[in-house]
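Below is one structure, written out as structure tokens; the observations come after it.
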Number of protein chains: 2
Amino acid sequence: EQAIISGVTHDTSEAKVTIRDVPDRPGVAALVFTRMADANVNVDMIIQNVSEDGTTDISFTSPKTDLVRAKRAAEAVVAELQARTYSVDESIAKISLVGAGMKTHPGVAAQMFRTLAEAGVNIDLISTSSIRISCVIEGDKVGVAVRALHTSFGLDSGAVVAEVS
Amino acid sequence: EQAIISGVTHDTSEAKVTIRDVPDRPGVAALVFTRMADANVNVDMIIQNVSEDGTTDISFTSPKTDLVRAKRAAEAVVAELQARTYSVDESIAKISLVGAGMKTHPGVAAQMFRTLAEAGVNIDLISTSSIRISCVIEGDKVGVAVRALHTSFGLDSGAVVAEVS
Ligand SMILES: C[C@@H](O)[C@H](N)C(=O)O
Ligand SMILES: C[C@@H](O)[C@H](N)C(=O)O
């Protein structure tokens, strides 16, 4: 199967929240997102990586318009779970390479990450699906990142899609 | 927009590899996946959460058939990056709730995580896209997890889809 790259999307409408050092036991993720749902916080990306010493971090992105409620709920969650703290980044950009067949072409992810590195863009979060490789980066680097990816993957600027929700 | 849950998928064909404590600077993710591509390691999920003290972890899943090459490449990457170590989990299951409209229904993720918790299933990794909430769990809990999610979301067993690649 060929890898087909159809475009690059960018979204600067969201903020990132991380609950740091939550206990790694059943019910914890449920509690975090039950509290967010109760607070009417919309959630886009959810990212949790492996634990160490019995704890891990849970990050998610939300519309910036939900951030006040998200912070209030995050503070309560930290107390309830006896997590260490929470952190917020209000200036992120979510960049996604959209395509197909990427699972059998690991070089595509490598090329995306190399392109961002060569453009001086640090990658903060990575999350993938079968049709999309998404990176969260510093918000003020969004233009640099998108242009570099277009050049690297031979996409004309007609393929730029700003995700609006 | 309504949240529509169309099914649950499960996949026990993959293993998880984590490069632990990589430096958080441009070029690191590129190096990891360039080495994996060079070693012909197919990569499905890639998960990276936020860094702490200048380091973070990078996890990915690969077909179990690629694991020998993945481990060899991971060992080389650890040395090249002066990461702390790498770890492997050969017995995982990837469970995905597939649907639409989930971003504006944070309760859906909460319900998925609560269902797994109530079934005694610990969640190891979480990654989402607009149409899918994916969790990596212990492989031997796959049946318990899938049945619990079917019941919780009112899906009949006709909706079980084993992902084969
Ligand atoms: C950390 C969190 O995901 C926990 N393992 C849970 O199952 O809820
Ligand atoms: C950790 C890794 O993602 C690093 N921040 C990079 O940009 O490559």
Side-chain angles (χ1 to χ4, degrees), chain A residues 16 18 20 24-37 40-52 56-59 87 89 103-135 165, chain B residues 16 18 20 24-37 40-52 56-59 87 89 102-107 109-135 165:
Chain A
K16 175 189 68 177
T18 302
R20 302 246 181 191
D24 181 20
R25 60 169 189 251
V28 167
L31 192 147
V32 172
F33 293 97
T34 298
R35 296 289 172 261
M36 291 303 152
N40 287 315
V41 174
N42 287 324
V43 169
D44 178 20
M45 298 171 87
I46 299 173
I47 294 178
Q48 176 191 307
N49 205 345
V50 296
S51 62
E52 183 108 48
T56 186
D57 299 333
I58 297 178
S59 292
S87 60
D89 188 343
K103 174 174 176 178
T104 44
H105 291 83
V108 173
Q111 183 177 339
M112 179 184 190
F113 304 151
R114 209 158 46 232
T115 300
L116 293 173
E118 287 165 6
V121 178
N122 194 51
I123 301 166
D124 186 40
L125 298 179
I126 302 170
S127 175
T128 58
S129 74
S130 54
I131 54 168
R132 182 182 287 259
I133 304 170
S134 294
C135 293
S165 30
Chain B
K16 175 189 68 177
T18 302
R20 302 245 181 192
D24 182 19
R25 60 169 189 254
V28 167
L31 193 147
V32 172
F33 293 98
T34 298
R35 297 287 173 260
M36 291 303 151
N40 287 317
V41 174
N42 286 325
V43 169
D44 179 19
M45 298 171 87
I46 298 173
I47 294 179
Q48 176 192 308
N49 205 346
V50 296
S51 63
E52 184 109 48
T56 186
D57 299 334
I58 296 178
S59 291
S87 60
D89 188 341
M102 298 188 290
K103 174 174 177 178
T104 44
H105 291 84
Q111 182 176 340
M112 179 184 190
F113 304 151
R114 210 157 46 232
T115 300
L116 293 174
E118 286 165 11
V121 179
N122 194 50
I123 301 165
D124 186 41
L125 299 178
I126 302 170
S127 176
T128 58
S129 75
S130 54
I131 54 168
R132 182 183 285 260
I133 304 169
S134 294
C135 293
S165 30

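Convention: sequence-line order gives letters A, B, ...; per-chain numbering from 1.
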Using non-hydrogen atoms only, which part of B:L125 is less than 4.5 Å away from chain A: side chain, backbone, both, or neither?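 Its backbone and side chain both get close to chain A.
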
Starting at [atom1] of [X], measure out to [atom2] of [Y] and round the result to the nearest 0.5 Å.
| X | Y | atom1 | atom2 | answer |
| --- | --- | --- | --- | --- |
| B:M36 | B:N42 | CE | CG | 12.0 Å |
| A:I126 | A:M45 | CD1 | CE | 9.5 Å |
| A:N122 | A:D124 | CG | CG | 7.0 Å |

Cut-off 3.5 Å, side chains only: do A:S134 and A:S127 have a donor facing an acceptor?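 No, because no side-chain N or O of A:S134 sits under 3.5 Å from a partner of the opposite role on A:S127.
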
Using only heavy-atom distances, determine whether the side chains of A:T56 and A:D24 contain a donor-acceptor pair under 3.5 Å.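 No pair is found: no donor N or O on one side chain lies under 3.5 Å from an acceptor on the other.
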
Between B:C135, B:S59, B:G27, B:S87, the one whose heavy-atom pairs under 4.5 Å with chain A are most numerous: B:S59

Pick from B:Q111, B:E118, B:M112, B:E52 with the largest number of heavy-atom pairs that fall under 4.5 Å of chain A: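 Option with the greatest count: B:E52.
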
Most heavy-atom pairs under 4.5 angstrom with chain B, which of [options]?
| options | result |
| --- | --- |
| A:V28, A:I46, A:T34 | A:I46 |
| A:L31, A:N40, A:V41, A:V43 | A:V43 |
| A:I58, A:V32, A:D57 | A:D57 |
| A:T115, A:T128, A:I131, A:V108 | A:T128 |

So does B:A29 get a backbone contact from the side chain of B:Q48, meaning a donor-acceptor N/O pair under 3.5 Å? no

Could you tell me whether a side-chain N or O of A:D44 sits under 3.5 Å from a main-chain N or O of B:K103, the two making a donor and an acceptor?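 Between the backbone of B:K103 and the side chain of A:D44 there is no qualifying donor-acceptor contact (under 3.5 Å).
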
With only heavy atoms counted, which part of [X] is less than 4.5 Å from chain B, the side chain, the backbone, both or neither?
| X | answer |
| --- | --- |
| A:R20 | side chain |
| A:L116 | neither |
| A:T18 | side chain |
| A:V121 | backbone |

Could you pull out the closest heavy-atom pair between A:K16 and B:V50, with the gap in Å? NZ-CG1, 3.4 Å

